[in-house]
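First up is the structure itself, then whatever we jot down about it.
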Amino acid sequence: MDLNIEGDLNINVILVADGSVVDCDMDPADMIVEMLVPGKGAKVMKFAEADALMPGFMDICVPVDFGNNGLTIYYPENKVIRLGKEVFLFGGAVICSENEDGDLRSLSGEDIYDINQYVEENTVTLCADGRNFQAIRV
């Protein structure tokens with residue numbers, strides 16, 4: 001499993017009495033997200049950095065529920081291949097975490113671990129026009 005973190009990364013959380021984690025009042029640009037690029041691994045970064053790499057991704061990309069805990073993956077529709085009932089992502093995507101009201105919150109360490117496990121278990125090599133390339137089953 002690869003985990004790449006660039007630049008300064010500060011994660012501020014509040015632990016409440018029952019041990020659960022609640023986000024502080026953070027600027028949404030500072031929320032932690034994860035960018036996936038098949039064949040290059042996943043990269044943890046701030047929302048603002050992801051938005052600079054994929055401008056307006058929350059508005060122009062397809063949002064798809066990515067498992068439990070409010071994880072949503074945003075990817076451009078033209079970066080997937082549909083083979084029967086399966087969908088494979090071959091371009092960049094961003095995974096965010098949202099609460100039940102749809103408000104953005106930082107990914108937790110557990111979210112990041114789960115995402116990376118999923119990517120590791122669902123990365124496949126496809127072939128088109130005689131060329132191999134990596135894709136992630138979504």
Side-chain angles (χ1 to χ4, degrees):
M1 174 187 335
D2 293 327
L3 179 62
N4 301 309
I5 300 174
E6 292 183 6
D8 295 334
L9 180 65
N10 296 316
I11 300 175
N12 299 309
V13 295
I14 297 173
L15 294 176
V16 292
D18 67 359
S20 60
V21 177
V22 179
D23 284 328
C24 294
D25 291 329
M26 293 179 68
D27 180 342
D30 291 332
M31 296 292 177
I32 303 302
V33 300
E34 191 159 358
M35 180 169 269
L36 304 179
V37 179
K40 295 185 180 178
K43 185 182 276 186
V44 176
M45 61 184 62
K46 292 181 180 180
F47 180 92
E49 294 170 288
D51 196 48
L53 292 170
M54 289 179 65
F57 70 87
M58 289 189 86
D59 297 322
I60 63 172
C61 291
V62 176
V64 176
D65 183 33
F66 194 73
N68 58 4
N69 299 327
L71 298 180
T72 304
I73 183 169
Y74 292 86
Y75 57 81
E77 185 63 34
N78 65 348
K79 297 297 182 183
V80 296
I81 297 172
R82 297 180 191 286
L83 299 173
K85 294 180 181 180
E86 294 190 298
V87 178
F88 297 92
L89 173 70
F90 66 91
V94 178
I95 298 179
C96 297
S97 183
E98 299 167 3
N99 66 19
E100 55 278 345
D101 296 326
D103 297 326
L104 189 67
R105 64 179 178 86
S106 283
L107 292 174
S108 68
E110 184 177 342
D111 292 335
I112 293 167
Y113 177 81
D114 289 346
I115 292 165
N116 286 298
Q117 284 294 111
Y118 181 89
V119 169
E120 187 174 306
E121 294 168 2
N122 289 281
T123 297
V124 298
T125 301
L126 300 177
C127 181
D129 297 326
R131 294 181 22 202
N132 291 338
F133 59 96
Q134 298 231 305
I136 300 169
R137 182 180 294 112
V138 292

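In this chain, numbering begins with 1 at the start of the sequence shown.
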Could you state whether V37 and V33 fall into the same hydrophobic cluster, counting links through intermediate Ile, Leu, Val, Met, Phe, Trp or Tyr residues with side-chain heavy atoms under 4.5 angstrom apart? yes
Is there a side-chain contact (heavy atoms from CB on, under 4.5 Å) between V119 and E34? Walk through the geometry before answering. CA-CA 12 Å; V119 169; E34 191 159 358; over 6 Å; no
Least distance between heavy atoms, G91 atom then P38 atom: O-CD, 3.3 Å
Go through the steps to decide whether F90 and L126 satisfy the test side-chain contact (heavy atoms from CB on, under 4.5 Å), and finish with yes or no. CA-CA 9 Å; F90 66 91; L126 300 177; over 6 Å; no
Consider only side-chain heavy atoms of I, L, V, M, F, W and Y, link residues closer than 4.5 Å, and tell whether V80 and F88 are in one cluster. no
Hey, is the main chain of K46 close enough, under 3.5 Å, to the side chain of E49 for a donor-acceptor pair? yes
If every non-hydrogen atom of I60 is compared with every non-hydrogen atom of P55, which pair is closest and at what distance? CD1-O, 3.5 Å
A42 to L36 - nearest heavy-atom pair and separation: CB-CD2, 3.6 Å
Which atom of G92 lies closest to which atom of P76, heavy atoms considered: O-CD, 3.4 Å
Hey, is the main chain of G56 close enough, under 3.5 Å, to the side chain of D51 for a donor-acceptor pair? yes
Minimum heavy-atom distance C96-L104, with the two atoms named: CB-CD1, 3.7 Å
Is it the case that one hydrophobic cluster holds both I95 and V138, taking links as side-chain heavy atoms less than 4.5 Å apart, direct or via other members? yes
How are the rings of Y74 and F57 set to each other: parallel, tilted or perpendicular (split at 30° and 60°)? perpendicular
Gap between atom CD of E121 and atom CZ of R137 - 0.5 Å precision: 11.0 Å
State yes or no: do F47 and L53 share one hydrophobic cluster built from I, L, V, M, F, W and Y residues joined by side-chain heavy-atom distances below 4.5 Å, directly or via other members? yes
Among K43, M54, M45, side-chain contact (heavy atoms from CB on, under 4.5 Å) partner for V94: M54
Atom CD of E77 with >12 non-hydrogen neighbours under 6.0 angstrom: yes
Is the closest side-chain heavy-atom distance between I112 and V44 below 4.5 Å? yes
Could you measure the distance from the CD atom of E86 to the CG atom of N122? Nearest 0.5 Å is fine. 9.0 Å
How long is the gap from NZ on K79 to CD1 on I81, to the nearest 0.5 Å? 10.5 Å
Side chain D103, main chain N99, donor-acceptor under 3.5 Å: no
Would you check if I136 and Y75 make a side-chain contact, meaning some heavy-atom pair closer than 4.5 Å? no
If I take atom CG from residue D111 and atom CD1 from residue I32, how far apart are they, to the nearest 0.5 angstrom? 11.5 Å
Heavy atoms of other groups near D129 CG, more than 12 under 6.0 Å: no
